[in-house]
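Worksheet: one structure, shown below.
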Amino acid sequence: MPVLTAPDGTPLAYHLVGKGEPLLCLPGGPMRASAYFGDLGGMAAHRQLIQLDLRGTGESGIPTDPATYRCDRQVDDVEALRAHLGLEYVDVLAHFAAGDLALLYAARFPARIRSLTLVAGRARALGIDFTEAHRREAAALRSAEPWFPDAYRSYEAVWAGTATDADWDAIAPFFYGRWDAAAMEHAASEVAQTNEEAAERYASAGAFDPAAARAALASLDAPVLLLAGERDGGPLPRVAAKIAALLPGATLTVQPGAGHFPWLDDPEGFTRTVGDFLP
C-alpha cells in the first residue's frame, strides 16, 4: 500500500486498482474509506484507479489537528497526491461529499484538472444542497417495494432527529437502485469504514465560500460529467442539473434505475458512461 506525506505531516494512503491511465478517485461518505469503491463496477479494467483514503480514514493517518478534516483544508492533500504521482494534470472522479472537495480543488488548481467526473456529487461548495423534501421525493419512488413501509418509518425518525442506530440501518435500501445481496453487503461496511468525527467536521463553518467558488469555476477549461442516479435523493437528477448549469461545458447523465452508488446498480452502464466521457 503506497503512502505519501501531506503538507502538515499526516500520512496519506492510496490504493492502486487496475491498470491504464490514472483516474484519481475521491471517496464521499463524507469521510468514508475508499474501499467502498471496489473496482468501480469494472472501471479498473479500463483505467488505473488511484483511490485516496482521506485523512483519518482507511489506512491514512489521524491528523494532529482535527480541524484539518474540514473539506477546504483537504484540497492540499489532493494536490500533494498529484505531485507525488508526478502527474502534470489529473482526471478526477469524486463521489457524493467528495464532489465538494473536487470542486474546491478545481477552483484552486484549474490547470491541474484534465477532466472532472462527479458521481452523485454534492455541491455545497457552490451553494447547492439536497433537502429533506428531496429525500422524500426520491423515497416515494420506492413505495411499491416490500421493504418500504419499515424503511420509511425509520426515515421519518431520521428527519425528526430521533433515529436509533437501527433506524439508520433500516434506511439503507433507499440508497441503492436494487436492494439485493450485493447492496446489503456494501451497506453493512459503511459504519466500520467511516470516521464519524471527521464526517462531522467535513462541512463545518468556513468550509465553503459559494460565491468565490462559482466565480473561480466559471472559467474552468476542462470537461465535466455529472452522473446522477434516477432514484437518488442526494442529489436528485434535477438538482444535479442545477450544478451542471454552473460549470461551463458540463454534461449531465442520469443513470436509469440507479441510486446513490450507480456502479453497483448497473456496472456495465456506469463504466460505459464514464469511459466514453474520459479523455
Same cluster (ILVMFWY, side-chain, under 4.5 Å), Phe96 and Phe175: no

Least distance between heavy atoms, Leu227 atom then Gln255 atom: CD2-OE1, 3.9 Å

Arg136 bridged to Glu156 by N-O distance under 4.0 Å: yes

Trp147/Phe174 aromatic ring centres below 6.0 Å: yes

Residues Arg108 and Asp72 bridged, charged N to O under 4.0 Å: no

Same apolar cluster: Tyr36 and Leu54, side chain cutoff 4.5 Å: no

Carboxylate-amine/guanidinium contact Asp8 Arg55, below 4.0 Å: yes

Residues that Tyr14 engages under ring-ring contact (aromatic ring centres under 6.0 Å, His included), provided they are two or more places apart: His84

Arg70 and Glu200 ion-paired at < 4.0 Å: no

Stepwise salt bridge (charged side-chain N to carboxylate O under 4.0 Å, His left out) test for Arg114 and Glu21: CA-CA 12 Å; Arg114 185 168 74 161; Glu21 283 199 72; 2.9 Å; yes

Plane angle bin for Tyr152 and Tyr155 - parallel if under 30°, tilted between 30 and 60°, otherwise perpendicular: perpendicular

salt_bridge(Arg201, Glu196) N-O dist < 4.0 Å: no

Shared hydrophobic cluster, Phe148 / Val158 (ILVMFWY, side-chain heavy atoms < 4.5 Å): yes

Carboxylate-amine/guanidinium proximity below 4.0 Å for Arg124 and Asp100: no

Aromatic centroids of Trp263 and Phe37 separated by under 6.0 Å: yes

Exam field: side chain Glu190 to backbone Ala172, donor-acceptor pair closer than 3.5 Å: no

Pair Tyr176 and His186, ring centroids less than 6.0 Å apart: yes

CG/Asp165: more than 12 non-hydrogen atoms of other groups inside 6.0 Å: no

Within 45° cone and under 6.0 Å: Arg112 NZ/CZ vs Phe109 ring: no

Within 45° cone and under 6.0 Å: Arg135 NZ/CZ vs Phe130 ring: yes

Shared hydrophobic cluster for Leu4 and Val90 (ILVMFWY, side-chain gaps under 4.5 Å): yes

Qualifying residue for side-chain contact (heavy atoms from CB on, under 4.5 Å) with Asp91, from Pro22, Ser115, Pro223: Ser115

Cluster overlap Tyr69 with Val78, hydrophobic side-chain contacts below 4.5 Å: yes

